[in-house]
Amino acid sequence: MPIEEAHRKLVESIFPVSGEERVPLADAAGRVLAEPMLAKIDLPAFDNSAMDGYAIRRRDLSGGRSLKLAGKSFAGAPFENPVSPGCAVRIMTGAAIPPGADTVVMQEYVRVKGDRIFIGNGVEEGEHIRRRGEDVQTGSELLASGQQVTTAHIALAAAAGIGSIVAIRRPVVAVFSTGDELQQPGTALTAGGVYDSNRVALVSALRQMHVEVLDLGILPDDPLQISNALENAVTKADVIITSGGVSVGEADYTREVIEALGEICLWKIAMKPGKPFAFGRVRDTPLFGLPGNPVAALVTFYQLVVPALEKLRGLTPKAQTSLHARLISPLKKKIGRVDFQRGFYARNQQSELEVAAVGQQGSHILSGLAKANCFIVLPRDSGDQSAGNQVEITPFLSPFA
Ligand code: AMP
Ligand code: MG
């Protein structure tokens, strides 16, 4: 199946989770709003000074350049009285403009002598005042429902008087690996053993995506145990991610178990790496069956699962940024599948984008993925590429960057 079709089908068959919860603002980064964020106050909340200086009535300067000091306005301790004609108030950055004043003169333009100040030329009416509501108005929408909260939104919300947000519930994502050879990293490796790198990488990537991760460990290549584990997982998780056992080997049971408990909706994608990727349902729970090969597992996760999980979280999946770069060394490419070769791109001295594949491109070569900063995306019908060709690249984004 072409990857574009797989991508579309996957996103179409995933729906945002239901349920919402109130989240303190400091914990809101990355969460998706279930209700719009509305400003509780005007920002600024009152006219205030942008400078340390003197608040004056501009028209008083037409009668002379000297004014009488009448008091002080500090941030948090305003001068409450109206400014009388011929008077000025010493004012600090952020302090409220006293009633009657319409202009702030920077202190650098003022000479002080006793209780009088002398002001230079060129003072414009209204200058250095931050106006009430010029940034945000009470009740205005700071961020719409369905949008993801960033650090800047948190600053904006806090400034506008918001202490917490209502977020869409974090989906629960169950993850397990399948394979008799798999062992927990950090333990002593036995003969023929392979460390389970997929699960720890997936758990880590998922944590960065603001979902709740249910780490279900390693399963042997045993249909009964896989079946029991899936039956258990569907009672707890919104979606399940497995790796391994979806290919055509004699120990590949994941697909057959999914078919017994639900259905396989798509299998075998025209992409490299990642051809054996499967998607289906166990009972009513969507399941992503990633290939076991470590690079294939992570590439299919990034290309196919991440957009589906964004939709599950309540977001609209966004297209990856696609750029063009000049190949600095030739590439091997077989016609028939889209290649996601692991590349490293940079600007040369002429500021042009250049890219080269990193290392071998086998679906087990993790060091290449670790050194890469982009995919070189070679279309299905393209063949070998020569140095100098312009190729499409997609720079890594979170959780790869
Ligand atoms: P499979 O898809 O189960 O046929 O596995 C393909 C290859 O990926 C085999 O070499 C497996 O040992 C390896 N593999 C499978 N699962 C994992 C995993 N969780 N971590 C690392 N390698 C794996
Ligand atoms: Mg296996």
Is a side-chain N or O of [X] found less than 3.5 angstrom from the main chain of [Y], in a donor-acceptor match?
X      : Y      : answer
Glu20  : Ser18  : no
Asp180 : Pro220 : no
Asp52  : Thr93  : yes
Arg283 : Glu231 : no
Arg169 : Glu21  : no
Asn348 : Gln350 : yes
Ser247 : Gly249 : no
Thr285 : Val239 : no
Gln183 : Thr190 : yes
Thr178 : Ile226 : no

With a 4.5 Å heavy-atom cut-off, do [X] and [Y] have their side chains touching?
X      : Y      : answer
Phe344 : Cys374 : no
Val211 : Asp238 : no
Lys275 : Pro291 : no
Ile56  : Val83  : no
Arg342 : Val295 : yes
Phe400 : Leu369 : yes
Asp339 : Gln361 : no

Subject >> Stacked cation flag Lys311 on Phe15, 6.0 angstrom / 45 deg >> reply: yes

Original post:
If you draw the axis of the six-membered ring of Tyr54, does the NZ or CZ of Arg90 fall within 45° of it and under 6.0 Å from the ring centre?
Top reply: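 The answer is yes; both the distance and angle limits are met.
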
I'd like to know if the side chain of [X] pairs up with that of [Y] as donor and acceptor (distance under 3.5 Å, no hydrogens or angles considered).
X      : Y      : answer
Ser322 : Glu392 : yes
Arg31  : Gln147 : no
Gln148 : Glu310 : no

Subject >> Pair Glu4-Arg8, salt bridge (charged side-chain N to carboxylate O under 4.0 Å, His left out): steps then yes or no >> reply: CA-CA 6 Å; Glu4 300 77 18; Arg8 187 175 46 74; over 6 Å; no

**OP:** Would you check, one step at a time, whether the test ring pair (Phe, Tyr, Trp, His ring centres under 6.0 Å) holds for Phe396 with Phe375?
**Re:** CA-CA 7 Å; Phe396 286 171; Phe375 285 117; 5.0 Å; yes

Ion pair present between [X] and [Y], side-chain N to carboxylate O less than 4.0 angstrom?
X      : Y      : answer
Glu5   : Lys9   : yes
Arg347 : Glu354 : no
Glu124 : Arg58  : no

**OP:** Could you check Asp384 against Lys332 for salt bridge (charged side-chain N to carboxylate O under 4.0 Å, His left out), going step by step and ending with a plain yes or no?
**Re:** CA-CA 5 Å; Asp384 290 349; Lys332 289 260 168 248; 3.7 Å; yes

**OP:** Please indicate whether Asp284 has more than 12 foreign heavy atoms, meaning atoms of other residues, nucleotides or ligands, lying under 6.0 Å from its CG.
**Re:**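 It does not: Asp284 CG has 12 such atoms or fewer within range.
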
Original post:
When Arg132 is tested against each of Asp47, Asn48, Asp42 for side-chain hydrogen bond (donor to acceptor under 3.5 Å, both in side chains), which residue passes?
Top reply: Asp42

Subject >> Name of the residue among Asn198, Thr242, Asp196 meeting side-chain hydrogen bond (donor to acceptor under 3.5 Å, both in side chains) with Ser177 >> reply: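 When side-chain hydrogen bond (donor to acceptor under 3.5 Å, both in side chains) is applied between Ser177 and each of Asn198, Thr242, Asp196, only Asp196 qualifies.
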
**OP:** Establish, yes or no, whether a centroid distance under 6.0 Å links the rings of Tyr302 and Phe340.
**Re:**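 No, ring centres 6.0 Å or more apart.
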
Subject >> Test log, rule salt bridge (charged side-chain N to carboxylate O under 4.0 Å, His left out), inputs Glu352 and Arg326 >> reply: CA-CA 8 Å; Glu352 299 152 342; Arg326 196 175 55 235; 3.6 Å; yes

